[in-house]
Amino acid sequence: MPELPEVETMIRDLTPLVVGRTIEGVEAAFPGEVIWPSFDDFVTRVRGRTITSLSRRGKYAIFTLDSGDALIVHRGMTGSLLLRRAEQAMEPHVRMVFHLAGEDELRFKDPRKFGKAYVMQSNGAERPMPWHRMGPEPLNSSFSAGLLAEALKGRRALIKPLLLNQQVVAGLGNIYVDESLFRANIHPERRANTLTDDEMVRLHQAITEVLGEAVEGRGTTFQTYTDVNGRAGNFQRRLQVFGRNGQPCPRCGTPIIKTRVGGRGTYTCPTCQRP
DNA sequence: AAGAAGTCCTGGGCGC
DNA sequence: TGCGCCCAGGACTTCT
């Protein structure tokens with residue numbers, strides 16, 4: 001599941017490889033992942049353009065083009081962008097291919113078709129950017145416990161679904177929410193408006209630490225995620241609760257349990273995280 | 001407005 | 001052995 005650290009890793013890997021290069025053509029075995037504009041217009045606006053920079057907002061990868069357009073890719077749950085030589089055998093489930101000048105191509109592999117692609121003016125004049133309602137970037141220095149408290153102020157919903165809501169904080173997904181809540185000793189079914197100031201500080205610190213360490217570790221490979229070269233990340237070795245049901249809590253030894261919170265598989269330590 | 005539930009999609013795991 | 005059911009979840013839509 002590509003979350004903030006996996007997208008950040010991809011951006012860092014791809015930047016030196018594709019900035020300054022021209023996209024000569026686009027092919028789609030499944031054009032349905034292009035959300036805006038029509039697929040034909042998408043191709044017209046991407047073809048012949050040179051990539052001037054790469055950036056990230058939440059889980060969105062942004063390729064800025066020399067036309068002033070932004071090519072925006074969201075990898076959904078199972079999507080990966082792979083940089084391959086054109087002659088290399090095609091992987092299964094490649095939905096879209098961006099042919100670069102030279103013999104390289106960017107392949108958007110996405111088995112479950114949850115990915116999305118857009119081309120729109122970078123300045124937002126054409127239509128609101130996909131992230132226009134998105135919450136603060138948790139790795140920006142401006143993200144503080146106070147800002148987190150502000151985003152959660154007056155909210156009575158369960159803390160876990162709120163943290164998964166990109167309008168509250170950008171970039172968190174199921175893995176890093178569970179890891180952050182464990183690290184902060186907070187039960188995922190606590191109502192957000194019952195968190196104390198101290199818990200808000202711990203949660204803020206846990207989120208920034210977990211995401212920072214995961215970026216450092218080049219992301220988590222769980223089931224399908226790989227980097228642009230098809231290699232696994234490293235952070236799965238450092239997961240403390242996610243995917244570890246039945247295994248001892250690294251803090252107290254109690255077996256980790258798997259439950260359902262807000263319809264999502266959720267891993268907690270029943271001793272360290274009290275309701 | 002906010003919260004909760006439903007929806008999309010398909011490979012893989014599991015039960016019979 | 002092989003078939004078919006069901007699960008996984010990011011973000012959007014629908015409903016209450």
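Chain naming here is simple, since letters A, B, ... match the order of the sequence lines and numbering starts at 1 in each. As the structure is a prediction and not an experimental result, all values here were calculated from the model.
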Taking only side-chain nitrogens and oxygens of A:Lys116, does any of them come within less than 4.0 Å of OP1 or OP2 of C:dC12? no
May I ask you to evaluate whether A:His93 reaches the phosphate of B:dT10, defined as a side-chain N or O under 4.0 Å from OP1 or OP2? no
Quick one: A:Leu164 CG to C:dA8 P, roughly how many Å, whole number? 14 Å
On the nucleotide B:dG3, are OP1 or OP2 found under 4.0 Å from the side-chain N or O atoms that A:Arg155 carries? yes
Rounded to whole Å, the CD1-C1' distance (A:Ile72 to C:dA11) equals 15 Å
Could you check whether A:Glu24 pairs with A:Arg47 (Lys NZ or Arg NE/NH1/NH2 to Asp/Glu carboxylate O, under 4.0 Å)? no
Is the ring of A:Phe114 stacked on the base of C:dG9, with centres less than 5.5 Å apart and planes under 30° off? yes
Between B:dG11 atom C1' and A:Lys109 atom NZ, what is the distance in whole Å? 11 Å
Please determine, for the side chain of A:Lys113, which listed nucleotide (C:dG9, C:dG10, B:dT10) has the closest atom? B:dT10
Whether A:Arg218 and A:Glu6 form a salt bridge (side-chain N of Lys/Arg under 4.0 Å from carboxylate O of Asp/Glu) is what I want to check. no
Between B:dG3, C:dG9, B:dT10, which one does the side chain of A:Arg95 approach most closely? B:dT10
Cationic N near anionic O, under 4.0 Å, A:Asp178 to A:Lys160: yes
Answer with base, sugar-phosphate or nothing: what part of the nucleic acid does A:Lys160 contact at a heavy-atom distance below 4.0 Å? nothing
Do A:Lys113 and A:Glu33 sit within salt-bridge range, that is, some charged N less than 4.0 Å from a carboxylate O? no
Record whether the side chain of A:Arg112 comes under 3.5 Å of the base of C:dA8 through a donor-acceptor pair of N or O atoms. yes
Interatomic distance, A:Lys153 NZ vs B:dG3 P [rounded to whole Å]: 15 Å
Take the protein atom CZ of A:Arg75 and the nucleotide atom C1' of C:dG9, then report the distance between them rounded to whole Å. 15 Å
Would you classify A:Phe30 as touching base, sugar-phosphate or nothing, given that sugar-phosphate means primed atoms plus P, OP1 and OP2, and contacts are heavy atoms under 4.0 Å? nothing
Rounded interatomic separation in angstrom, taking CG from A:Leu152 and C1' from B:dA2: 14 Å
Between C:dG10 and A:His74, is there an OP1 or OP2 to side-chain N/O distance shorter than 4.0 Å? no
Would you mind reading off the distance between A:Arg133 atom CZ and B:dA2 atom P, rounded to a whole angstrom? 11 Å
Note: A:Glu137-A:Arg56 ion pair, threshold 4.0 Å (strictly below): yes
Assign A:Arg260 to base, sugar-phosphate, or nothing according to its heavy-atom contacts below 4.0 angstrom with the strands shown. sugar-phosphate
What is the distance, rounded to the nearest whole Å, between atom CG of A:Leu163 and atom C1' of C:dG10? 15 Å
Considering only C:dG10, B:dA4, C:dA8, which nucleotide approaches the side chain of A:Lys59 most closely? C:dG10
Base, sugar-phosphate or nothing for A:Gly265? Non-hydrogen atoms, less than 4.0 Å. sugar-phosphate
